[in-house]
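Input: a single structure, listed below in structure tokens.
For ligands, and for the atoms within them, numbers begin at 1 and follow the listed sequence. For reference, positions follow the sequence shown, starting with 1. In what follows, every heavy atom counts, from backbone to side chain, and hydrogens, waters and symmetry copies are set aside.
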Amino acid sequence: MEPMTITGGAHLARALKAEGIARVFGIPGTHNLEIFAQLSAHGIDIVSPRHEQGAGYMADGAARVTGEVQVIVTTTGPAALNALTALLQSFTDSVPVLLITPGMPLTHPGRGNGLLHEVRNQSAALSAVLTEVMRVTSPGEVSLAVGQTLSAMRSGRTRPAAIEIPLDLIETEGPGRLHPSVTRALPGPVTEQIDTAAEAIAASQRPLIIAGAGALGAGAAGASCGAGEETTALAETLGAGIVLSSNAKGLVDDRAETAIGAIGVLELLPELTGDADTVIAIGTELAPSDFWPEPLPLPETVVRIDIDEVQMLTNATVTHPILADARAATAALNVRVTAMRAKSATAAARDWTADWKSRAASAGESDGRPWAELTDALTTFGDSAETPLIIGADSTMACYYGVQTGWKARPGDRFLYPAGAGTLGYGLPAGIGAKLASPQARVVAVEGDGGSMFTIAELAAAVQAGVRMTLIIVDNGGYGEIRNEMEDRGDTPSGVKLTGPDFPALARAMGARGVHVDGRDALLEALNEAEAGEGPTLIHMTEDSRAGADMLRG
Ligand SMILES: Cc1ncc(C[n+]2csc(CCOP(=O)(O)OP(=O)(O)O)c2C)c(N)n1
Ligand SMILES: [Mg+2]
């Protein structure tokens with residue numbers, strides 16, 4: 001804690017180390033040399049992504065599976081802006097990634113003088129995406145910025161943030177001390193809110209729980225996390241079904257009687273929510289990017305558990321707000337409801353839930369048919385070991401129509417999906433970050449032939465870091481979803497057909513293994529071989545779909 005007179009870069013590394021940051025994802029440049037020197041001097045590991053967007057997605061994946069703040073380091077201008085898309089993804093999905101970047105110097109020789117990497121207003125660009133952006137003004141202030149920013153990032157709803165250090169301060173010495181972060185404990189539920197909510201739902205006939213990644217809390221991937229057990233217990237007490245957002249997969253067992261599944265893309269979802277007489281929303285934005293069919297009708301009784309007060313007014317008319325930690329609130333609600341709930345009501349609700357579970361399963365199977373072999377292989381692969389399976393997903397049909405609904409996740413598994421921003425090229429780097437942060441887990445990324453090319457360079461980073469994981473590329477000859485949308489509008493598809501590389505050969509050129517497979521059994525065998533080997537493996541497969549029939553085979 002004692003004051004030291006050191007460079008801004010040294011203040012940064014010292015503060016990060018004191019905050020327990022053991023690894024950063026970063027790319028060095030002329031403006032951040034002192035930062036890299038100090039990170040190394042302080043024993044902080046550096047992972048080398050091949051693009052700043054990859055760095056951001058890696059950090060995002062690592063943060064999602066650990067619930068802990070992850071740090072990326074870029075240089076000024078293009079590098080920081082390259083990371084901004086990834087930070088947008090983290091912001092829209094409430095993931096705590098901290099960007100550290102140099103900025104234009106404090107003492108600047110004038111506007112637009114053509115300094116290397118000059119940006120007119122870099123912090124304004126960051127502020128357009130992030131709510132927490134600090135530009136420091138002295139070397140010693142760097143550690144204060146770290147302490148304050150981490151305090152905010154570790155309290156309440158987690159979100160990404162940025163600290164910009166004017167590049168002249170990075171190498172300038174100045175006095176400063178450590179300012180350790182202070183974290184606000186999640187609020188426990190208010191008894192009165194629990195009591196009135198419990199009363200409202202105890203008599204429900206058709207109760208439905210909708211859970212989002214907020215219900216996972218900061219729970220690390222593993223057997224039981226967040227409010228998973230409590231959510232299942234409440235569903236059992238009520239006879240309610242549970243619908244999950246994409247990123248809440250792994251909160252509960254997809255095969256449980258109470259689990260209707262991650263069906264945010266199914267057209268029947270509004271019928272289900274409209275048929276319910278009570279909805280209990282736990283840690284979910286109820287956002288259009290999570291639950292696609294619009295509008296999503298909600299019943300008169302809506303109980304909402306969230307730690308963000310603003311969410312209480314967003315995307316729903318909430319009759320019973322419970323502003324509290326999901327786990328504690330769900331547990332308290334269950335205790336109260338158990339005391340009041342009639343057995344006959346639970347039995348009747350259970351039949352209603354079973355009916356919807358089977359309707360959703362048929363609809364999911366029908367929408368997911370082109371990816372049935374993929375999802376079946378992933379379920380069998382997941383079941384073959386006790387360790388959690390983490391899927392790094394992408395904005396491809398194979399993920400949102402296929403794996404999201406079809407893969408049977410177990411409690412503790414994870415589906416890292418770029419839901420809010422819907423970016424492309426997320427799955428592979430997110431998977432790399434997840435594996436580095438959670439080495440005991442098994443990691444499979446699933447990407448389309450289009451999206452994968454956005455960040456395929458990160459396969460080289462995975463090889464270098466010795467990351468054992470699999471990347472499955474589902475090839476339909478181009479931007480399949482967009483092609484279908486064009487056709488549905490009556491347009492002649494344009495700009496969507498892609499002549500891809502020889503994916504397995506590309507992987508081998510980067511030092512990874514690369515194979516092509518046909519069918520479920522060959523895929524499963526390749527997944528097992530990849531898991532038994534070292535480093536990353538790319539598995540290429542083709543898709544038998546409407547888009548594939550035209551672009552791949554047409
Ligand atoms: C960064 C970014 N650019 C463009 C898009 C628009 N977009 C959404 S889906 C898609 C097609 C992706 O193709 P692919 O990964 O092969 O998946 P497919 O649709 O074929 O299943 C595109 C271009 C996007 N979501 N993100
Ligand atoms: Mg495609």
Check your understanding: Would you call the rings of Tyr57 and Tyr426 parallel, tilted or perpendicular if under 30° counts as parallel and over 60° as perpendicular?
Key -> perpendicular

Point to revise | Side-chain donor/acceptor of Thr273 to backbone N/O of Pro297, under 3.5 Å | key: yes

Point to revise | Presence of salt bridge, Asp376 and Lys408, under 4.0 angstrom | key: no

**Study point:** Neighbouring residues of ligand 1, heavy-atom cut-off under 4.0 Å
**Key:** Ser395, Thr396, Met397, Gly422, Thr423, Leu424, Gly448, Asp449, Gly450, Gly451, Phe454, Asn476, Gly478, Tyr479, Gly480, Glu481, Ile482

Review point. Would you say Arg553 has more than 12 foreign heavy atoms packed within less than 6.0 Å of its CZ?
Key: yes

Practice item. Please name all residues satisfying ring-ring contact (aromatic ring centres under 6.0 Å, His included) with Phe454, sequence neighbours left out, ordered by chain then number. Key: none

Review point. Counting distance only, does the side-chain N/O of Arg414 pair as donor-acceptor with the main-chain N or O of Pro388 below 3.5 Å?
Key: no

Practice item. Run the salt-bridge test on Arg468 and Glu534 with the 4.0 Å N-O cut-off and return the result as yes or no. Key: yes

Point to revise | Protein N, O or S within less than 2.8 Å of the Mg ion (ligand 2), waters excluded | key: Asp449 OD1, Asn476 OD1, Gly478 O

Going by atom type alone, with no hydrogens or angles, which donor-acceptor pairs under 3.5 Å involve a side-chain atom of residues 492-511 and a protein atom two or more places apart or on another chain?
from	atom 1	to	atom 2	distance (Å)
Asp502	OD1	Ala505	N	3.2
Arg508	NH1	Gly514	O	2.7

Check your understanding: For Glu485, does the CD atom have more than 12 heavy-atom neighbours from other residues, nucleotides or ligands under 6.0 Å away?
Key -> yes

